There are 2 protein chains.
Amino acid sequence: MEKIIHGRPYKNTAKGPILVPCAPHGVLARLGDKWTILIMSILAMTPTTPLRFSEIKNGIPEISQRMLTVTLRNLQRDGLVLRHYFCEVPPRVEYELTLMGKTMLPALEGFTGWIRENWQAIERSRQAFDDSNGDL
Amino acid sequence: MEKIIHGRPYKNTAKGPILVPCAPHGVLARLGDKWTILIMSILAMTPTTPLRFSEIKNGIPEISQRMLTVTLRNLQRDGLVLRHYFCEVPPRVEYELTLMGKTMLPALEGFTGWIRENWQAIERSRQAFDDSNGDL
DNA sequence: CCGAATCCATAGGGATACTG
DNA sequence: CAGTATCCCTATGGATTCGG
């Protein structure tokens, strides 16, 4: 009775199809937030060597220290990123993708690839829509 | 000098790799918002026949009328969804994916598929992280 | 039936200053 | 160096009411 459409489970009812929530929404919301994808991409660039906090920050010039900390904490909590703290002075902290984090990369790549191919068209569409006051 | 990693352009500098913003972030933020993916999935279920406003609303029981309207408007503006208004009484409005909207589905599927396979692990990881007060 | 308008509560996220 | 803590502004989104 339960089928899958484009990765989502649903069921057909008399009133039409209804999507069955499969709890992935919290995950997608995380990935869609302002910094997660950027951080995942940075960490994906050096699969074998962890990166220091400051190195990540360097790779994403616009990010604030606070949001980098917060987002990394969330990714660690989700099991996508591993954090290594070295008790030295000055302190050193390194981050790397977990195994699960690495399994996400192909899917991520598929998505960002589509975006790279289509964002100009999207920008144009937005422009046209705004110019026509929405009565397209 | 500019390379691509997992769908994102970057360049190597003396100070390490730096991600080049390629403007897809607005798009990703849209897809990560609370309802877009659900709506896209619903529309993907009937590729040949458009859906009425109320049918979509029916398929996503928790969504408010306001957020359905707002999200559909955004998708229309992005060129991912087509809106057909029938000037009748009572009025009827139908929505369907555009061609570009349909090209997004494989990427979407890759992503939601990964999520479906991994969200339990993510939930467990979050639980463990919270239980340990973050000193994992 | 579809959606615009309004009100309001909460979450996201920037700037800055402070600490081991 | 790698965070915390605080303040504050804005965006998101729910509930409700009104209109064509």
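Just so we're clear, the structure is a prediction, and the values are computed from it rather than from any experiment. Letters A, B, ... mirror the listed sequences (proteins, then strands); counts begin at 1.
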Practice item. Could you tell me the separation between the CZ atom of A:R52 and the P atom of D:dC1, rounded to a whole number of Å? Key: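 Roughly 7 Å, once rounded to whole Å.
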**Study point:** With B:E117 via salt bridge (Lys or Arg N to Asp or Glu O under 4.0 Å) - residues at least two apart
**Key:**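 For B:E117, no residue satisfies salt bridge (Lys or Arg N to Asp or Glu O under 4.0 Å) once neighbours in sequence are set aside.
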Practice item. Could you tell me whether the side chain of A:S132 and the main chain of A:F129 form a donor-acceptor pair under 3.5 Å? Key: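 Yes; at least one donor-acceptor contact below 3.5 Å.
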Review point. How is A:F86 classified with respect to the nucleic acid when contacts are heavy atoms under 4.0 Å: base, sugar-phosphate, or nothing?
Key: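 Answer is nothing: A:F86 stays at 4.0 Å or more from every strand.
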Review point. Reading DNA chain C 5' to 3', which nucleotide is the first, and which the last, to come under 4.0 Å of any heavy atom in chain A?
Key: C:dG13 to C:dG20
Check your understanding: What residue pairs, at least two apart or across chains, pass side-chain hydrogen bond (donor to acceptor under 3.5 Å, both in side chains) with a residue in residues 28-38 of chain B?
Key -> B:R30-B:D78, B:D33-B:T36
Check your understanding: Are OP1 or OP2 of D:dA2 and a side-chain N or O of A:S54 less than 4.0 angstrom apart?
Key -> yes
Check your understanding: Does anything in residues 93-117 of chain B pair up under ring-ring contact (aromatic ring centres under 6.0 Å, His included), and if so which pairs, sequence neighbours excluded?
Key -> A:F111-B:F111
Check your understanding: How sharply is the helix from C:dC1-D:dG20 to C:dG20-D:dC1 bent, taking the axes over five pairs at either end and rounding to 10 degrees?
Key ->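 Nearest ten degrees gives 40° for this helix.
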Practice item. Measure the shortest side-chain to side-chain distance between A:V81 and A:I39 over non-hydrogen atoms and say whether it is less than 4.5 angstrom. Key: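 A side-chain contact is absent here, since even the closest heavy-atom pair is not under 4.5 Å.
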Review point. Which heavy atom in A:E94 sits nearest to a heavy atom in A:R92, and how many Å separate them?
Key: OE2-NH1, 3.0 Å
Revision key, fill the gap. A correct 5'-to-3' footprint of nucleotides 13-20 of chain D, with B, S and - meaning base, sugar-phosphate only and no protein heavy atom under 4.0 Å, is BBB----B
